[in-house]
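Below is one structure, written out as structure tokens; comments come after it.
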Amino acid sequence: MRVLLTGASGAIGTRLVPQLIDRRHDVIGTSTSTGSAEQVRALGAEAIVLDLLDPCAVHEAVREAQPDAIVHQATALANVRFTRKLDESFVMTNRLRTEGTDALLDAAREAGVSRFVAQSFAGMRYERTGGPVKTEDDPLDPAPLEGMREVAAAMVHLERAVTAAGGIALRYGGFYGADNDGLVEPVRKRQFPIVGDGGGVMSFVHLDDAAAATVLALEHEGPAIYNIVDSEPAPVREWLPVLARALDAKPPRRVPVWLARLLAGETAVMLGTEARGASNARARRELGWTLRYPTWRQGFAAVYARAPAFSAPAVPAPARS
């Protein structure tokens, strides 16, 4: 297939391009600058500079590219400093997930492109009641916290629009495996504590595994939503000490809920104490997805033990591309 990939120079985009080419797809990758376009070309894809918030430019790009499929991975999270109010950090990404998605879907309809796969997110989205691990059929949080309501609404918009058009939305877990993973430096500096009982559950996925699942989804029929996460959702109190050991860092601090709320806000408290993980059973069953790193235990040991020191934001970033 001829595949138009938005966000091709991002964290997952740079993993996707070679995997798509290995599957004998022709890739046209979009980026937002000539510099990142050169990076896309170096990976073996055609490259175009495109503003996804310009509907006319999007329509023109799709007409000229003549793709058989579109994979939408664009975000605006590179070098963003994450604050206690995620809505403030995600302003541009929210627009890409709403306005950008709508422009791409309109252009796809005009060009007769029926295959469409888009990035969504699993973390901090499921209803915070019941069991610790949720499937795609479980309800999303009906009352997102103040400070992340616009983020939640943008992903709901994306998922509804994409599946209504017959496409596939992928709810990724927390990405890791990039050179600038946002978790590394905060954990090394003991800036990522265990809050309260540390019972908040997270689901991770290595970028290579996320890209592999995306390629399989592209070759699958929609509409559908899949959790693209590894096979071991785990509470913070379990995975964070393992990550610290992999980084040869001191054990994470423990802080009471009231102090975390004061210093980092409600989102950090929810992430650390109430968040639910996600099940990958449907993706493994329906897509035939096999993970290189079935759990974060294997992945952290393989990736972070050799991670170099670097400067990173003090707040760990959600999945990004």
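What's counted below: heavy atoms across the whole structure, side chains too, no hydrogens, waters or symmetry copies.
Closest of all the heavy-atom pairs between Ala45 and Val17 is CB-CG1, 3.8 Å. In plain terms, the two heavy atoms of His220 and Ile168 that are nearest each other are O-CD1, 3.7 Å. Between Ile12 and Ala211, the shortest heavy-atom contact is CD1-N, 4.2 Å. Of all heavy-atom pairs between Val229 and Ala122, the closest is CG1-CB, 4.3 Å. Closest approach of Pro144 and Ala152 over heavy atoms only: CG-CB, 3.8 Å. Scanning both residues, Ser31 and Ser36, for their nearest heavy atoms gives CB-OG, 3.1 Å.
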Under the criterion side-chain hydrogen bond (donor to acceptor under 3.5 Å, both in side chains), I'd like the reasoning laid out for Tyr126 against Asn227: C-alpha separation, chi angles, the key distance, then a yes or no. CA-CA 11 Å; Tyr126 285 105; Asn227 291 329; 2.8 Å; yes
Evaluate Phe175 against Trp296 for ring pair (Phe, Tyr, Trp, His ring centres under 6.0 Å), listing each step before the verdict. CA-CA 10 Å; Phe175 287 157; Trp296 47 269; over 10 Å; no
From CA spacing to verdict: side-chain contact (heavy atoms from CB on, under 4.5 Å), Ile194, Val255: CA-CA 6 Å; Ile194 297 173; Val255 300; over 6 Å; no
Given Phe121 and Arg171, is the side-chain contact (heavy atoms from CB on, under 4.5 Å) satisfied, shown in steps? CA-CA 4 Å; Phe121 186 52; Arg171 292 177 179 168; 5.9 Å; no
Could you check Ile28 against Val3 for side-chain contact (heavy atoms from CB on, under 4.5 Å), going step by step and ending with a plain yes or no? CA-CA 6 Å; Ile28 311 98; Val3 180; 6.0 Å; no
Walk me through whether Asp248 and Arg188 qualify under side-chain contact (heavy atoms from CB on, under 4.5 Å). CA-CA 8 Å; Asp248 196 25; Arg188 278 189 171 137; over 6 Å; no
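Of the possible donor and acceptor atoms, none in the side chain of Ser279 sits under 3.5 Å from a partner among the backbone N and O of Lys134. The backbone N or O of Cys56 sits less than 3.5 Å from a side-chain atom of Asp54, completing a donor-acceptor pair. The main-chain N or O of Ala283 is never found under 3.5 Å from a side-chain atom of Asn280 such that the two would form a donor-acceptor pair. Checking side-chain atoms of Asp106 against main-chain N and O of Ala103 turns up no donor-acceptor pair under 3.5 Å. Using a distance-only test at 3.5 Å, with no hydrogens or angles considered, no donor-acceptor pair links the side chain of His72 to the main chain of Gly100. No side-chain donor-acceptor contact under 3.5 Å links Arg109 to the backbone of Leu104.
How far CG of Asn94 is from CD of Glu99: 10.0 Å, rounded to the nearest 0.5 Å. Here CG of Leu4 is found 10.0 Å from CD of Glu46. Values are rounded to the nearest 0.5 Å. A distance of 9.5 Å separates CD of Glu60 from CG of Leu50, quoted to the nearest 0.5 Å. In this structure, the separation between CD on Gln73 and OG1 on Thr14 is 10.5 Å, given to the nearest 0.5 Å. We find the CG-CG distance between Asp102 and Leu105 to be 6.5 Å, quoted to the nearest 0.5 Å. Between atom CG of residue Leu158 and atom CD of residue Gln119 there is a gap of 8.5 Å, rounded to the nearest 0.5 Å.
With sequence neighbours left out, Glu64 forms a salt bridge (Lys or Arg N to Asp or Glu O under 4.0 Å) with no residue at all.
Salt bridge Asp68/Arg2: absent, no basic N to carboxylate O contact under 4.0 Å. A salt bridge links Arg41 with Glu38: at least one charged nitrogen is closer than 4.0 Å to a carboxylate oxygen. One finds no salt bridge joining Asp209 and Arg292 here, because no Lys/Arg side-chain nitrogen approaches an Asp/Glu carboxylate oxygen to under 4.0 Å. Salt bridge present: Glu232 and Arg297 bring a charged side-chain N and a carboxylate O closer than 4.0 Å. Contact check on Arg282 versus Asp137 returns a salt bridge, with a Lys/Arg side-chain nitrogen under 4.0 Å from an Asp/Glu carboxylate oxygen. Between Glu219 and Arg115, none of the side-chain N atoms (NZ, or NE/NH1/NH2) sits under 4.0 Å from a carboxylate O, so this pair counts as no salt bridge. Salt bridge Arg97/Glu150: absent, no basic N to carboxylate O contact under 4.0 Å.
Counted within 6.0 Å of CZ on Arg24, heavy atoms from surrounding residues, nucleotides or ligands total 12 or fewer; the atom is thus considered open. The number of heavy-atom neighbours closer than 6.0 Å to CG of Asp22, taken from other residues, nucleotides and ligands shown, is above 12. A 6.0 Å sphere centred on CD of Glu146 holds no more than 12 heavy atoms belonging to other residues, nucleotides or ligands. Atom CZ of Arg190 sits in a crowded spot, with more than 12 heavy atoms from other residues, nucleotides or ligands closer than 6.0 Å. In Arg254, the CZ atom is not crowded: 12 or fewer heavy atoms of neighbouring residues, nucleotides or ligands sit closer than 6.0 Å.
Checking Leu20, Ile70, Leu5 one by one against Leu218, the side chain to side chain contact (heavy atoms under 4.5 Å, CB included) holds for a single residue, Leu20. Each of Thr273, Leu271, Leu259, Val236 was checked for a side chain to side chain contact (heavy atoms under 4.5 Å, CB included) with Val195, and the lone residue meeting it is Thr273. Test Arg261, Arg128, Lys85, Arg149 against Glu266 for salt bridge (charged side-chain N to carboxylate O under 4.0 Å, His left out) and you get one pass: Arg261.
Between the side chains of Thr98 and His157, no donor N or O sits under 3.5 Å from an acceptor N or O. In summary, the side chains of Thr295 and Asp230 do not present any donor paired with an acceptor at a separation below 3.5 Å, with no hydrogens or angles considered. Checked by atom type, the side-chain pair Ser120/Glu159 shows a donor-acceptor distance below 3.5 Å. Counted by atom type alone, Arg284 and Tyr226 present zero donor-acceptor pairs between their side chains at under 3.5 Å. Counted by atom type alone, Tyr172 and Thr214 present one or more donor-acceptor pairs between their side chains at under 3.5 Å.
The aromatic rings of Phe204 and Tyr176 sit perpendicular to each other, their planes meeting at more than 60°, with 30° as the lower class boundary.
At least one side-chain heavy atom of His59 sits under 4.5 Å from a side-chain heavy atom of Arg63. Proximity of Thr6 to Val71: side-chain heavy atoms (C-beta onward) are nowhere separated by under 4.5 Å. Using a 4.5 Å cut-off on side-chain heavy atoms (C-beta onward), Trp289 and Ile228 make contact. Looking only at side-chain heavy atoms (C-beta outward), Glu127 and Pro142 come within less than 4.5 Å of each other. Looking at Asp87 and Val91, their side chains never come closer than 4.5 Å, going by heavy atoms from C-beta outward.
Following chains of ILVMFWY side-chain contacts shorter than 4.5 Å, one can reach Val242 starting from Val184, so the two form part of one hydrophobic cluster.
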